[in-house]
Each structure stands twice: as C-alpha cells, then as structure tokens.
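Worksheet: the structure to be examined is printed underneath.
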Amino acid sequence: MLVVTAYLASPLAGDAPYLDALLEFEMAQRLGVASRLRRDRPLPTESIHIPILRRAMGSVRHIPCCSAPICEQRSEWRENFAKRLGVEHAGLLSDKQRLVVATGNATYKSYRLPLVVRDVPRIRWFCEGHRRPVLQLLRSVHSIGHKRSQGYGRVARWEAEMADGDYWWFAPSEAGPVLMRALPWCDNLPSRLQGYRRSFGACIAPMWHPERYMEIVVPC
Amino acid sequence: MKTYRIECVSTAESPITHMSGTAGNEAIVAREPVQTPRGVAWVPFLSGNALRHRAVREPGVLWLIEQYGLRGKLSLAQLNFLLHGGNLTESTAHENTRRIAEMHRLWPLLRLCGGTLPNQILAGSLDVWRGILVCEENRQHFPGCDSLLPAAEWLSGYQYTRGDGRKLGIAETSKVFGDDGPSNLMIFSGQSVIRGARFYHGFLAKHATEIELGALLWSLQLWQHAGGTIGGQAARGHGRLRCELLAGDWDQAACVEAYRDYALAQRDEAVAWLRDCWK
C-alpha cells in the first residue's frame, strides 16, 4: 500500500480533494483533454489512466483503490475575503460612464464573504499505486482546496512511502470494516460496515459531473 | 514556460493595520491561529487576497491604462474587469477559447491575475501566498533563524482623533449643530503591527513565460515605487512595506524590460480586444 502525504504550508480552505481525482485532473491536462471535460457534455467512455489500481464494486467499474483524504486538523476558524469597486479610480472612466453606481446590489455589489479555514498540517491518502509516477504527477500540484490563488492550501512537499495493509477502501476495526472512501451503495458492501452514511453523489472522478452521480456511501 | 516561485521578505516601514474587523471603535488586526508547544497563539498575517490586489493587479493595470491611453475612456464594466476582476453577470455562460487565447497573448498580466467577463470566466495562473509574520510562533517556517521574537512583541496600537470642525470657527454653528450641540470630535483606535516587523510571502506563477514573469516583477516594482502599501490607514502613513525579493534563477531587469517592450508593442491589439469584449 502506498501512503501519500501532503504537508501544507498554509491553512486549508474548503475540503481536501480525493487523490485519484487530483491525479486524473493532472493527467487530463497532460493529455490535453481537460478542457473537454465539461458538465454539459457526456464524459469520454475511456477513463483517464492514472498510476493507481482500479477495481469494480457491484455494477460500477474502475473505482480507484484510494482512500478519501485523511486530514490531521488542529483548529478551524473563519476568515473573510472582500471585494469592492474602486471608485477612487472614477477619473479613468469616460465622461458618459460617470454614473451613479449601486454598490449594495447587482453587478457592482461589494462583498465580504466568510471562508471556513482549517489548520491542517498533513493530509494523507492510502492507495494502491506506483510511487514514482504518482509523485511525478503531484510535482505540479502546488496547492489544494479552495481559494488557492489567495494562498490557501499551499503544499510544502509531497511524500509517498510504502506500507503494509490495504486500507484504501476499508480499514479493519473490532466492530467491522470502516469505510475509507465513497463507494457505490450496493449488495457487495461488507455486511458489518462501520463509519458510513448514505448519500447521492459521485465515487469516481470527475466528482462534479452529473453522469457520475449515483447512490453512494460516504465516510463519516 | 516554467513555474516561477518568487519568495519575498517585506519589512514594515510604518504600522501595518491589515484589519479583520472592529470591536466597538477599535480596529482589530487580522490574525490566524498557529499551533505552538504552549498551545494555540493568534498571530497577525497578511491575506493573499490583499497582496494580490495591492501588489500585483492594481499597480500593473494602472500602468497599462496609462500606457494604452485609456484614462478617461473606460466603461464601468471595463474598469471593474481590469482593476477588480469583473463579474459573471449573464446566465448563458460559454467558453470563447479564441478570446481566452487572445487575452493570454495580449495581456500577460491578466493571464496571471485572471478575471471574469460578463459571460465567461478567465482563469488566472498566479497563486499569491499569504504573508507570514516572522516571529517565534511561526518558527516552523524559518528553521534557520536562531532568535525570533514572539508575535506579541510586534503588536501595538494607535489612536487618532477626527477633530471637531466647530472649533475652527469656520462653520455657521447655529445652522449646523447649534451653540450647545454635541461635539463632533471622534476618537478612533486600533491594533497595528509595528515598524520593523517582517513578513515572509511569495508568488507562484504557474507555467509562465518570461514575459509574464516580467509582468509580475514590474507590478511589484510599481507597487514599491508607490509606497508598497497594504491594509488600511494608508492616508495616515500606515501600511508601508519594503519588499525584498529572495534570489531566483532569472534576470529581473531583463524580464521587466522584455515585458514593458512587449506590452507597449501590443497596445493597439490589446485595446481592440478590450473593446471587443463589451461590444
């Protein structure tokens, strides 16, 4: 089993991504197909190859053998990001455009929006994959989560090391196997499955595409 | 094309008042929780959003507006797009890839900063790091430093007064406040990071050309030339940062000159692109 760790140098905004989704996006960019993956278009029939093993569960094929992100969270708080129209630059406008502008609503509305931010020094994923190709793809991933352009989720370094076990879908416990990633809701799930709840969403990347939506179980 | 990592250390040359809100009449400086051996400490920082606007987009775009002769000729939507990134306002969004490619070619600074046209998002390629205060609590980011002061040593406060205009004897008080009316004097105060404090921050220009790197470096030079301010109270002298770039594998002067020459050469096409977006 490969244990991939991201060491963060800045707080994480939003949720950490699935490693397989991250690798698929990186590979899609290298293959030149990323711009063709759109919500309003059918997905290509062939899945994008990533250096992680895939298996089937129930009628769903090509589910990556990779756990959901495991975040070592130390604290959580709220920050804000703001935007306002710089009316101090009104002199740059043409004469006809020097109008009375509503900044409380509509297009030029000022905002100061909250952002939930977490202090997460490390994020780990368990997967079954090839160490070197995984690290090569991750070399171009400099930040993860939301609002990366504002400095959130900056990755200081990636590490990948081999370990015993196969915790990418289920981890053992005395009460029964613990769910480690989103999987299809089907009869093939272990009978005494722990730590899950039912949901409707995706368990295969791209997670945002409607074609991927199905009845799933997610870790909780 | 390559990914450029530009690391900076900025030293406060005047009190930094990058606020997160107010408590009564007092402005509270922005802080983030940092885990230390003695527990969680709340340490001042500079937001990436603020640095992105004040240090990169605003100075760079204002220079382009002057060079392209656009002063007094912009529409409100164009001003909003150039200086603040614009807004997605139309319901039928689409991807005009030619328009995106042309923007990348004609406006290297906008390829870094990105923006939004009314019907299309133009993704940027620049990540701006938040500014980390160089202090004991953030020691994990500065392993080579022996002695670091705790964050509390870098904090202070300020208090200013907005005077009562009546005392100047200029206003007709009987018409405004009356002879026995309440004073118009207002005291306002806040927290600030004191002079001498240093912040470590940086920029990551992903898959950028030397021209785009030059755009970023030129923006930083313009920002410094205009005082290098961040945060509020700049009108009272607050917020001045002296930014020093750590060594990198590029010729800064050559990159900046190449960008300036390139930008001036694209002037007519760039202006035509801007006008075409709002036809």
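Because only heavy atoms are used, hydrogens play no part in the values below, and waters and symmetry mates are left out as well, while side chains stay in. What you are looking at is a predicted structure, and each value in this text was computed from that prediction instead of being measured.
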* Take Leu74(B) and Gln97(A), measure what side-chain contact (heavy atoms from CB on, under 4.5 Å) needs, and give me the verdict at the end. => CA-CA 8 Å; Leu74(B) 291 170; Gln97(A) 289 287 309; over 6 Å; no
* Compare every heavy atom of Ile123(A) with every heavy atom of Pro69(A), then report the nearest pair and how far apart it is. => CB-CG2, 3.8 Å
Among [options], which residue forms the greatest number of heavy-atom pairs with chain A at distances under 4.5 Å?
options                                 : result
Val34(B), Leu79(B), Asp127(B)           : Asp127(B)
Asn49(B), Leu204(B), Asn87(B), Thr89(B) : Asn49(B)
Arg71(B), His84(B), Gln140(B)           : His84(B)
Leu76(B), Asn80(B), Ile132(B)           : Leu76(B)

* Plane angle bin for Trp273(B) and Trp107(B) - parallel if under 30°, tilted between 30 and 60°, otherwise perpendicular -> tilted
Who wins among [options] for the most heavy-atom pairs under 4.5 Å with chain B?
options                                 : answer
Lys96(A), Glu79(A), Lys109(A), Arg98(A) : Glu79(A)
Ala90(A), Ser10(A), Ala9(A)             : Ala9(A)
Arg112(A), Lys147(A), His89(A)          : His89(A)
Pro11(A), Ser75(A), Ser149(A)           : Ser149(A)

Point-to-point distance, once rounded to the nearest 0.5 Å, from [atom1] of [X] to [atom2] of [Y]:
X         : Y         : atom1 : atom2 : result
Leu64(B)  : Leu110(B) : CG    : CG    : 7.5 Å
Ile216(A) : Leu179(A) : CD1   : CG    : 9.5 Å
Ser47(B)  : Phe81(A)  : OG    : CZ    : 11.0 Å
Ile230(B) : His18(B)  : CD1   : NE2   : 6.5 Å

For [X], is it the side chain, the backbone, both or neither that has a heavy atom under 4.5 Å from a heavy atom of chain B?
X         : result
Asp119(A) : side chain
Arg84(A)  : backbone
Ala82(A)  : backbone
Val117(A) : neither
Ser143(A) : side chain

* To do: Tell me, with the steps shown, if Asn138(B) and Tyr200(B) meet side-chain contact (heavy atoms from CB on, under 4.5 Å).
  => CA-CA 10 Å; Asn138(B) 283 324; Tyr200(B) 168 75; over 6 Å; no
So for [X], is it side chain, backbone, both, or neither that comes closer than 4.5 Å to the heavy atoms of chain A?
X         : result
Val40(B)  : neither
Leu70(B)  : backbone
Ala50(B)  : neither
Glu58(B)  : side chain
Leu126(B) : backbone
Thr3(B)   : side chain
Phe45(B)  : side chain
Leu51(B)  : neither

* Could you verify whether a donor N or O on one side chain and an acceptor N or O on the other, from His201(B) and Ser10(B), lie under 3.5 Å apart? => yes
* Is it true that the side chains of Glu26(A) and Ser140(A) contain a donor and an acceptor less than 3.5 Å apart? -> yes
* Verdict with reasoning, Arg31(B) to Ser20(B), per side-chain contact (heavy atoms from CB on, under 4.5 Å) -> CA-CA 8 Å; Arg31(B) 301 179 195 231; Ser20(B) 66; over 6 Å; no
* Asked: side chain to side chain contact (heavy atoms under 4.5 Å, CB included) with Glu212(B): which of Leu112(B), Leu217(B), Leu109(B)?
  -> Leu112(B)
* **Worked check of side-chain contact (heavy atoms from CB on, under 4.5 Å) between Leu117(B) and Arg99(B)** => CA-CA 10 Å; Leu117(B) 296 174; Arg99(B) 182 166 284 168; 3.4 Å; yes
